[in-house]
Novice: 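Structure below; questions to follow.
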Amino acid sequence: TDDDREEGSHLTTDITEEIIPGSSEIVTENIVEPADIIFAIDSTGSMGSYIQNVADNVEEFSRHLEEKTLTHLGGMEVKVKRRMAVVEYKDITCDGEDSTIVHTVDGSPWHKSTEELIKTLQVVKANVDGGGDTPETVFDALGYVVDGKTFDFNKEEKDAHKFVIVL
């Protein structure tokens, strides 16, 4: 119902249905949803006891999207064509303005597989240190997301859903 849609996700998916003349059968096309997902990960010293859990959960999430078909509202099956990226951030007031790192693979911030993502997460785990006594700010990391230069959101998939997950 319209009320249910208002309470649910605000992301919409166009589902093409074709009614075959003389039949009540509905033929539905396969649905592939593109998604650009960026993980902004705090790698300061205070993350020391948490960073392994963060890496494990990011890996599990990536594997889930890579291997699974999601069930969409109405019983439809949806595959997610995802690109994932990692922006590592620290406390720029203590660790310097260059402490925010957009990790790349072959010159691109987009990781094409979970294995590439795991290698980047290992680097992030090895870099856990620094930070000051006050909470870190994610603004520098988010600046790379919205600067219009670092991430080519419109290059391959103009209609891709865009997500930034701050950890």
Novice: Does F151 reach the side chain of D36, with side-chain heavy atoms less than 4.5 Å apart?
Specialist: no

Novice: Does the pair N127 and E88 meet the rule for a side-chain contact (heavy atoms from CB on, under 4.5 Å), with working shown?
Specialist: CA-CA 9 Å; N127 287 339; E88 175 184 354; 3.1 Å; yes

Novice: Just wondering, do V54 and V124 contact through their side chains at under 4.5 Å, heavy atoms?
Specialist: no

Novice: Atom CD1 in I38, atom CE in M84: separation rounded to 0.5 Å?
Specialist: 11.0 Å

Novice: Within the structure provided, determine whether H111 and T120 are in side-chain contact (heavy-atom separation under 4.5 Å).
Specialist: yes

Novice: For F39 versus F61, what's the shortest heavy-atom pair and its separation?
Specialist: CZ-CD2, 3.7 Å

Novice: Quick one: pull up CE in M47 and CD in Q52 and give me the separation to the nearest 0.5 Å.
Specialist: 11.5 Å

Novice: Looking at every non-hydrogen atom in both residues, tell me the closest pair between A85 and P109 and how far apart they are.
Specialist: CB-O, 3.2 Å

Novice: If you measure from the Lys or Arg side-chain nitrogens to the Asp or Glu carboxylate oxygens, is any gap between K119 and E115 under 4.0 Å?
Specialist: no

Novice: Spell out, yes or no, whether L117 and L167 are grouped together once hydrophobic residues are joined by side-chain heavy atoms under 4.5 Å, including indirect joins.
Specialist: yes

Novice: Quick one: side-chain hydrogen bond (donor to acceptor under 3.5 Å, both in side chains) partners of D140, sequence neighbours excluded?
Specialist: T100

Novice: Report yes if the side chains of V87 and I101 come closer than 4.5 Å at any heavy-atom pair, otherwise no.
Specialist: no

Novice: Are R63 and I118 side-chain neighbours, meaning at least one heavy-atom pair lies under 4.5 Å?
Specialist: yes

Novice: Calculate, to the nearest 0.5 Å, the distance between atoms CG and CD belonging to L121 and E116 respectively.
Specialist: 12.0 Å

Novice: Report the C-alpha separation of L65 and T114 in whole Å, then their side-chain angles, then the decisive distance to 0.1 Å, and conclude whether the side-chain contact (heavy atoms from CB on, under 4.5 Å) test is met.
Specialist: CA-CA 10 Å; L65 292 181; T114 300; over 6 Å; no

Novice: Kindly indicate whether the side chain of H161, heavy atoms from C-beta on, has any atom under 4.5 Å from the side chain of V80.
Specialist: no

Novice: Side chains of D152 and W110 only: does a donor on one sit below 3.5 Å from an acceptor on the other?
Specialist: yes

Novice: Flag the pair D129 / K90 as yes when at least one side-chain heavy-atom distance between them is below 4.5 Å, and no otherwise.
Specialist: yes

Novice: Indicate if I51 and I165 have the same hydrophobic cluster label, given that clusters are the connected sets of ILVMFWY residues with side-chain heavy-atom separations under 4.5 angstrom.
Specialist: yes

Novice: T93: what forms a side-chain hydrogen bond (donor to acceptor under 3.5 Å, both in side chains) with it, not counting sequence neighbours?
Specialist: D91

Novice: Transitively linked via ILVMFWY side-chain contacts under 4.5 Å: V146 with V164?
Specialist: yes

Novice: Could you give the distance from CG (D95) to OH (Y89), rounded to the nearest 0.5 Å?
Specialist: 12.5 Å

Novice: List the residues meeting side chain to side chain contact (heavy atoms under 4.5 Å, CB included) with E60, not counting sequence neighbours, and say none if there are none.
Specialist: N57

Novice: So does R82 pair up with E33, basic N to acidic O under 4.0 Å?
Specialist: no

Novice: According to side-chain hydrogen bond (donor to acceptor under 3.5 Å, both in side chains), who are the partners of T150, at least two apart in sequence or on a separate chain?
Specialist: D147

Novice: Partners of T137 by side chain to side chain contact (heavy atoms under 4.5 Å, CB included), sequence neighbours excluded?
Specialist: F139

Novice: Please name all residues satisfying side-chain hydrogen bond (donor to acceptor under 3.5 Å, both in side chains) with S46, sequence neighbours left out, ordered by chain then number.
Specialist: T44

Novice: Which heavy atom of A35 sits nearest a heavy atom of A160, and at what distance?
Specialist: N-CB, 4.2 Å

Novice: Just by modelled atom types, is the V105 backbone N or O under 3.5 Å from a matching donor or acceptor in the S108 side chain?
Specialist: no

